[in-house]
Amino acid sequence: MKDRLNVYQLAVKFGDNPNPADGVAAIEAEIAKTKDPAVRAAAYGMLGELYLAADKPREAMWQFLWVEVVYNQDRDEVIKALARLADTFRIQGDDDRAKSYREKARRLRGGP
């Protein structure tokens with residue numbers, strides 16, 4: 001839990017900066033220090049958030065895909081990643097994929 005908290009604190013610290021992408025190296029360092037898939041999932045999710053805050057949706061997309069495809073052991077992190085993937089695709093103008101990811105997140109949450 002301490003490692004996850006550290007990742008979230010880094011994301012908040014750099015998310016408030018004029019250039020949120022400045023925090024990428026710090027979070028990548030946290031990823032390199034751990035083998036825990038839950039911490040890695042949280043870290044990749046936070047990398048995605050920083051990239052979105054820096055108006056880099058394509059880079060954010062790749063980070064959220066890491067959570068969905070590789071570090072998918074934490075259901076809550078996957079649901080967040082799917083929702084943010086829908087946002088990244090919408091921003092990039094790919095409404096079909098955005099809709100697909102919204103539906104996938106809804107199904108995983110247990111919605112109709």
By the ring-ring contact (aromatic ring centres under 6.0 Å, His included) test, which pairs, at least two apart or in different chains, include something from residues 29-59? Tyr44-Trp66, Tyr44-Tyr71
Going hydrophobic residue to hydrophobic residue with side-chain gaps under 4.5 angstrom, can you get from Val12 over to Val24? no
With sequence neighbours left out, the residues meeting side-chain contact (heavy atoms from CB on, under 4.5 Å) with Asn17 are Phe14
Is there a side-chain contact between Arg97 and Arg90 in this structure, where contact means two heavy atoms from C-beta onward sitting under 4.5 Å apart? no
Just verifying a value: how many Å separate Ser100 OG and Leu85 CG, rounded to the nearest 0.5 Å? 10.0 Å
Quick check on the hydrophobic clustering: are Val39 and Leu5 connected, directly or via other members, by side-chain heavy-atom contacts under 4.5 Å? no
Between Ile91 and Leu52, does the side-chain contact (heavy atoms from CB on, under 4.5 Å) criterion hold? Intermediate values first, please. CA-CA 10 Å; Ile91 291 167; Leu52 277 178; 4.0 Å; yes
Run the side-chain donor-acceptor check on residues 77-84: report pairs under 3.5 Å with partners two or more places apart or on a different chain.
unit_1 : atom_1 : unit_2 : atom_2 : d
Glu77  : OE2    : Arg4   : NH2    : 3.0
Glu77  : OE2    : Tyr8   : OH     : 2.7
Glu77  : OE2    : Lys80  : NZ     : 3.1
Arg84  : NE     : Glu49  : OE1    : 3.4
Arg84  : NE     : Glu49  : OE2    : 2.9
Arg84  : NH1    : Asp87  : OD2    : 2.7
Arg84  : NH2    : Glu49  : OE1    : 3.0

For residues Val70 and Val67: do they belong to one hydrophobic cluster (side chain heavy atoms under 4.5 Å, members Ile, Leu, Val, Met, Phe, Trp, Tyr)? yes
Partner residues of Lys99 under the side-chain contact (heavy atoms from CB on, under 4.5 Å) criterion, sequence neighbours left out: Arg102, Glu103
Reported CZ-to-CG distance for the pair Arg75 and Leu108, which is rounded to 0.5 angstrom: 5.0 Å
Of all heavy-atom pairs linking Asn72 and Val69, the shortest is ND2-O, 3.4 Å
Gap between atom OH of Tyr101 and atom CG of Asp94 - 0.5 Å precision: 10.0 Å
For residues Pro20 and Ala54, report the shortest heavy-atom separation together with the two atoms involved. CG-N, 3.9 Å
Without placing hydrogens or testing angles, list every side-chain donor-acceptor pair under 3.5 Å for residues 25-37, not counting sequence neighbours.
unit_1 : atom_1 : unit_2 : atom_2 : d
Glu30  : OE1    : Asn6   : ND2    : 3.0
Glu30  : OE2    : Asn6   : ND2    : 3.0
Glu30  : OE2    : Lys33  : NZ     : 3.0
Thr34  : OG1    : Asp36  : N      : 3.0
Asp36  : OD1    : Ala38  : N      : 2.9

side-chain contact (heavy atoms from CB on, under 4.5 Å) involving Gln92 - partner list, sequence neighbours excluded: Pro57, Arg58, Met61, Thr88, Phe89
